2 protein chains.
Amino acid sequence: MSQKEFLNPTVVVDIALFTVEEGELKVLLINRDNEPFKNTRAIPGGYLLKGETTRTAALRVLREKAGIDEVYLEQLYTFDAPGRDPRGPVFSVTYMALVASPLPETKQKEGVQTPELFSVKKIPKLAFDHKEIVSYALARLQGKLEYTTIGFNVLPKFFTFSQLQNVYETILNKTLDKRNFRKKMEQLGFIKETKQVLGGMRQRPAKLYTLGK
Amino acid sequence: MSQKEFLNPTVVVDIALFTVEEGELKVLLINRDNEPFKNTRAIPGGYLLKGETTRTAALRVLREKAGIDEVYLEQLYTFDAPGRDPRGPVFSVTYMALVASPLPETKQKEGVQTPELFSVKKIPKLAFDHKEIVSYALARLQGKLEYTTIGFNVLPKFFTFSQLQNVYETILNKTLDKRNFRKKMEQLGFIKETKQVLGGMRQRPAKLYTLGK
DNA sequence: CCAAAAGTGTTGACTGTACACCCATGT
DNA sequence: ACATGGGTGTACAGTCAACACTTTTGG
């Protein structure tokens with residue numbers, strides 16, 4: 001068997017980045033400015049470069065394309081269907097990213113389209129198999145929400161109970177009972193109360209919580 | 001940015017193949033007959049060849065190395081840590097495979113080590129990061145067992161309730177109550193009764209069930 | 001008739017769900 | 001004083017867990 005028979009595919013990293021904003025679960029999309037799929041929306045992604053792991057490549061892509069530094073990243077799946085990229089065999093190692101809103105302002109850079117957030121309920125046509133990637137990421141996020149602390153990655157370090165509940169309601173796309181939610185969270189033991197409160201609103205100040213027992 | 005900067009890694013496919021045999025969850029290992037890690041156990045794997053997807057490569061590897069044709073395959077994770085293969089950047093796209101026991105007899109082939117089943121409780125030192133791959137596969141299998149039909153892949157098409165329970169007990173590594181198990185399975189609706197029974201044992205014949213409502 | 005696994009219900013504990021009012025603050 | 005979200009308990013229903021005996025076959 002000669003070396004020639006091996007397939008050394010080009011590898012790209014594509015990232016489904018979610019955040020919760022205005023009571024909606026949103027995903028970050030860019031507008032492609034190159035063929036193929038020019039002027040079609042896509043999730044941010046880029047080629048894997050020498051010396052990178054897929055994870056560091058994902059972090060670089062998010063920094064370059066969206067100015068995002070602090071982010072939760074989880075590898076999802078490797079998409080390798082033949083023909084998924086018209087240019088040839090390109091493997092996409094996909095990641096889910098979660099960040100707290102608001103995202104940093106992206107200064108308009110040369111040759112880089114400004115990324116935009118779209119509600120997952122109103123996703124436009126996407127390039128390549130990116131629709132499938134977003135669906136996969138969403139299923140994973142929803143699946144892990146209830147038994148892990150993954151949801152806390154879209155919250156600031158200190159948060160109120162209603163902010164937390166809003167995250168759960170938004171990601172699961174259903175309303176939850178306030179008292180039952182509180183009971184469940186308390187018994188799961190993911191969060192601890194702080195001595196801080198969030199005031200300045202025109203209602204009773206809310207206690208601030210943080211992750212960790 | 002020149003084409004030279006892209007990393008086009010070599011890609012291998014590694015498979016954690018499980019079966020349930022003699023009340024134990026077993027994983028298929030081969031003995032490596034080449035460097036690196038010569039004479040160390042490893043999970044079956046092989047290079048991705050031109051024209052293959054990782055899935056078809058995994059199927060080919062299982063056919064070539066273990067004579068296995070019919071198999072459940074699920075992609076797990078892509079391992080890309082630098083240095084995971086001393087020869088250079090090699091990405092491993094990993095799969096979990098499940099088959100019913102007994103496995104087909106593997107005719108001893110030239111240059112191919114006979115694969116052997118090992119209890120997951122007694123896994124020897126493994127090559128590369130294969131220990132991590134097996135752990136990951138096991139966690140996935142256990143996690144999906146209770147809310148999917150993944151466990152049925154280690155059973156023949158027709159099976160008795162106690163065979164089914166044995167699979168669950170073995171994979172979860174704990175004993176289950178017979179009546180509660182039956183109730184839960186019946187209400188999950190994964191299985192349907194057939195008109196066949198499995199006799200010939202020196203005890204009361206057991207009804208045979210099959211997957212599907 | 002004995003050995004072996006098949007098959008079958010009930011009870012109490014626990015967990016999840018539904019539901020309504022008072023509280024603390026800013027304006 | 002009022003508008004706004006913050007914060008709290010109870011009762012019912014459904015699910016889960018524990019538990020032992022009878023049945024059917026082969027030897």
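Just so it is clear: chains get the letters A, B, ... in the order the sequence lines come, proteins before strands, and each one is counted from 1. Because the structure is a prediction, the values reported are computed rather than measured.
Judged purely by atom type and a 3.5 angstrom limit, B:R140 uses its side chain to pair as donor or acceptor with the backbone of B:L76. With hydrogens and angles disregarded, a donor-acceptor distance shorter than 3.5 Å links the side chain of A:T19 to the backbone of A:V99. Between the side chain of B:R60 and the main chain of B:E64, no donor-acceptor pair closer than 3.5 Å is present. Side-chain N or O atoms of B:R84 include none that pairs as donor or acceptor with a backbone N or O of B:F128 at under 3.5 Å. Here the side chain of B:Q142 pairs a donor or acceptor atom with the backbone of B:I171 at under 3.5 angstrom.
By the 30° and 60° cut-offs, the orientation of the rings of B:F159 relative to B:F152 is tilted.
With rounding to the nearest 0.5 angstrom, the NZ atom of A:K65 is 13.0 Å from the CG atom of A:L17.
With sequence neighbours excluded, no residue forms a salt bridge (Lys or Arg N to Asp or Glu O under 4.0 Å) with B:E186. Under the rule for a side-chain contact (heavy atoms from CB on, under 4.5 Å), the partners of B:N173 that lie at least two apart in sequence or sit in another chain are B:K121. Under the ring pair (Phe, Tyr, Trp, His ring centres under 6.0 Å) criterion, A:Y77 pairs with A:F79, A:Y136, not counting sequence neighbours. Looking at residues two or more places apart in sequence or on another chain, you find a side-chain contact (heavy atoms from CB on, under 4.5 Å) between B:P89 and B:L7. A:K183 is linked by a salt bridge (Lys or Arg N to Asp or Glu O under 4.0 Å) to nothing, counting only residues two or more places apart in sequence or in another chain.
Sorted by first and then second residue, the side-chain hydrogen bond (donor to acceptor under 3.5 Å, both in side chains) pairs involving residues 150-166 of chain B (not counting sequence neighbours) are B:T160-B:S162, B:Q165-B:E169. Sorted pairs that involve residues 188-203 of chain A and meet side-chain hydrogen bond (donor to acceptor under 3.5 Å, both in side chains), not counting sequence neighbours, are lacking altogether.
For DNA chain D, the residues of residues 171-178 of chain A within the heavy-atom distance limit of 4.0 Å (strictly under) are A:K178, sorted by number. Shown for residues 148-164 of chain A: residues whose heavy atoms fall under 4.0 angstrom of DNA chain D, namely A:S162. DNA chain D lies under 4.0 Å from at least one heavy atom of each of the following residues of residues 205-213 of chain A: A:P205, A:A206, A:K207. Scanning residues 183-197 of chain B for heavy-atom distances under 4.0 Å to DNA chain D yields B:K183.
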Which atom pairs link the protein and nucleotides 2-4 of chain D when you take only N or O atoms and keep those under 3.5 Å?
none

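A side-chain donor-acceptor contact under 3.5 Å links A:T54 and A:Y95.
Across the protein-nucleic acid pair, B:E146 atom CD and D:dT15 atom P stand 16 Å apart, rounded to whole Å. Protein atom CZ of A:F181 is 18 Å distant from nucleotide atom P of D:dG9, rounded to whole Å. The distance between atom CG of A:N166 and atom C1' of D:dG5, rounded to the nearest whole Å, is 13 Å. The CG-C1' distance, from A:N180 to D:dT10, rounds to 11 Å in whole Å.
Between the side chain of A:R179 and the base of C:dA20, a donor-acceptor pair under 3.5 Å is found.
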